[in-house]
Number of protein chains: 2
Amino acid sequence: MQLAKGVEWTTHICAMLPLVPEGQGLSVDALADYFEVPSAYLAKQMQLLRRAGIVRSVRGKGGGYRLARSPDDITLLDIVTAIEGPMPAFRCTEIRQNGPCGLKRKDCKRPCEIASAFAVAEQTYREALQAKTLASVMQDAAMNSSPEHMVEIAGWVQRQVA
Amino acid sequence: MQLAKGVEWTTHICAMLPLVPEGQGLSVDALADYFEVPSAYLAKQMQLLRRAGIVRSVRGKGGGYRLARSPDDITLLDIVTAIEGPMPAFRCTEIRQNGPCGLKRKDCKRPCEIASAFAVAEQTYREALQAKTLASVMQDAAMNSSPEHMVEIAGWVQRQVA
DNA sequence: TTTTATCCGGATAAAGAATATCCGATTAAG
DNA sequence: CTTAATCGGATATTCTTTATCCGGATAAAA
């Protein structure tokens, strides 16, 4: 049971994309360089974010990616769902209907107690991720970082779009 | 991101093992038959439960598996951890240290905000699973089941150990 | 218009994890 | 001693994740 690497990558990327100036964007290659991750694979992950409406892309020369909406309107759950899909981690295969003492189908209209318990647990997980916005993540990061580092990043972004 | 099938299998098994009479056990083959799951693979999962101290095994003729302790002293988290291992779903690879604007190692003593947020979410997930005991699961199941079905199961168990 | 830079989508390949099976060793009951 | 059963390791298979590549579309700049 493990989250895809793309979740870590794209979350970090979403947390730095707000530093891109208005009307501009960062290319996949630039983003891949920034975190030293494989460019071709990252491109796939960025497409997932775009289809989920989290980032916006501009084609052609000078194009690239930027956030599609405000950082306080994007949650970690949005990103995880975009990359991993909406499927629950625990999938009930109804084995209670199997075997010599299996239940009849008509007696299984409600989900079994075990599936229910896991569904509850996953719901609390999702709620915790939904409560954490990108804006909040950035604020926490700024607290533990230095002004110089912010300037360093801003400078790097400038050079990419130039 | 998905839980192993073994989690579903062994949870259902743990929820029926208390029906095994004192001093007896069910073989892996019997358990596999009960839920129509592959016997050889289930054997591996049962070994994991045993190493985690959830079930107790007796070798030799007439041997088999039974719960190692009281159903209200076993939680769903115990079972998931036994099967899946203790590793978190989100694994931070410290990509904040990568690339042209990467942080120095000495500035990364505390986990990054993103890893922290996921750790919090996973903790709520674990707490929800820890709050659900096997005894509670069995009680819920009894509510939605019929006395006849219980008798049916008890009879089947009898025939297995005989 | 041509060139260059970029995203888009599909096809494909490589790596790793989950799933599944088998067999010899070990242990206990009869 | 013989038989039944688990234990543990080795191995095979299948599926998912990870990763790469290429042809096409789009847009800006030369």
Side-chain angles (χ1 to χ4, degrees), chain A residues 1-10 13 17 20 23-33 35-52 54-66 68 80 82-85 87 89-91 93 95 159-162, chain B residues 1-10 13 17 20 23-33 35-52 55-66 68 80 82-85 87 89-91 93 95 160-162:
Chain A
M1 175 195 177
Q2 53 192 32
L3 288 175
K5 288 182 185 175
V7 171
E8 185 190 11
W9 301 353
T10 58
I13 284 173
L17 276 184
V20 176
Q24 301 190 300
L26 283 179
S27 74
V28 169
D29 283 345
L31 293 171
D33 286 347
F35 286 114
E36 290 183 56
V37 296
S39 160
Y41 186 44
L42 178 61
K44 284 272 176 289
Q45 314 293 318
M46 294 306 293
Q47 281 181 32
L48 294 174
L49 289 190
R50 181 186 62 81
R51 284 179 206 146
I54 295 171
V55 299
R56 177 182 296 275
S57 70
V58 174
R59 288 212 225 182
K61 192 169 182 180
Y65 284 99
R66 51 181 299 104
V80 170
I83 301 295
E84 295 276 337
M87 279 212 314
F90 181 94
R91 283 158 310 164
T93 62
I95 63 175
R159 287 192 296 280
Q160 298 307 310
V161 297
Chain B
M1 175 196 177
Q2 55 192 33
L3 288 174
K5 287 183 186 174
V7 171
E8 185 191 12
W9 302 352
T10 57
I13 284 173
L17 276 184
V20 177
Q24 302 190 300
L26 283 178
S27 73
V28 169
D29 283 345
L31 293 171
D33 285 347
F35 287 115
E36 290 183 55
V37 296
S39 160
Y41 187 42
L42 178 61
K44 282 273 176 289
Q45 315 294 318
M46 294 306 293
Q47 282 180 32
L48 295 174
L49 288 190
R50 181 187 134 277
R51 282 179 211 147
V55 299
R56 178 181 295 276
S57 71
V58 174
R59 284 198 190 178
K61 188 172 182 180
Y65 284 98
R66 51 182 299 104
V80 170
I83 302 294
E84 295 277 336
M87 279 212 314
F90 180 94
R91 284 158 308 166
T93 62
I95 63 174
Q160 298 307 309
V161 297

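We name chains A, B, ... by the order of the sequence lines, and we start the count at 1 in each one.
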N/O donor-acceptor pair under 3.5 Å between B/Gln45 side chain and B/Ile83 backbone: no
A/Glu8 side chain vs B/Thr93 backbone, donor-acceptor pair below 3.5 Å: yes
Residue whose closest nucleotide on DNA chain C lies nearer the 5' end, A/Arg59 versus A/Gln2: A/Arg59
Atom pair CG/OH of A/Leu42 and A/Tyr65 - distance to nearest 0.5 Å: 8.5 Å
Closest contact, heavy atoms only, A/Ala82 versus A/Leu49: CB-CD2, 4.0 Å
Heavy atoms of other groups near B/Arg66 CZ, more than 12 under 6.0 Å: yes
Sugar-phosphate, base or nothing in reach of B/Ala40, heavy atoms under 4.0 Å: base
From OG (A/Ser57) to CZ (A/Arg50), nearest 0.5 Å: 5.0 Å
Non-hydrogen atoms of B/Phe35 and A/Ile95 that approach each other most closely: CD2-O, 3.5 Å
Atom pair distance, as rounded to whole Å: CG in A/Leu3 and C1' in D/dT17: 13 Å
Euclidean distance, atom CG of residue B/Asp29 to atom C1' of D/dC7 [Å, nearest integer]: 14 Å
Residue whose nearest DNA chain C nucleotide is more 5′ - B/Gly60 or B/Glu84: B/Glu84
Residues forming a side-chain contact (heavy atoms from CB on, under 4.5 Å) with B/Ala30, sequence neighbours excluded: B/Leu26, B/Ser27, B/Trp156, B/Gln160
Sorted by number, the residues of residues 43-51 of chain A with heavy-atom contact under 4.0 Å to DNA chain C: A/Lys44, A/Gln47, A/Arg50, A/Arg51
Spacing of B/Ile95 atom CD1 relative to D/dT18 atom C1', expressed in whole Å: 15 Å
Sugar-phosphate only, base, or nothing, as touched by A/Gly25 at under 4.0 Å among non-hydrogen atoms: nothing
Chain B contact limits on DNA chain C, taken 5' to 3' with a cut-off of 4.0 angstrom to heavy atoms: C/dT19 to C/dA29
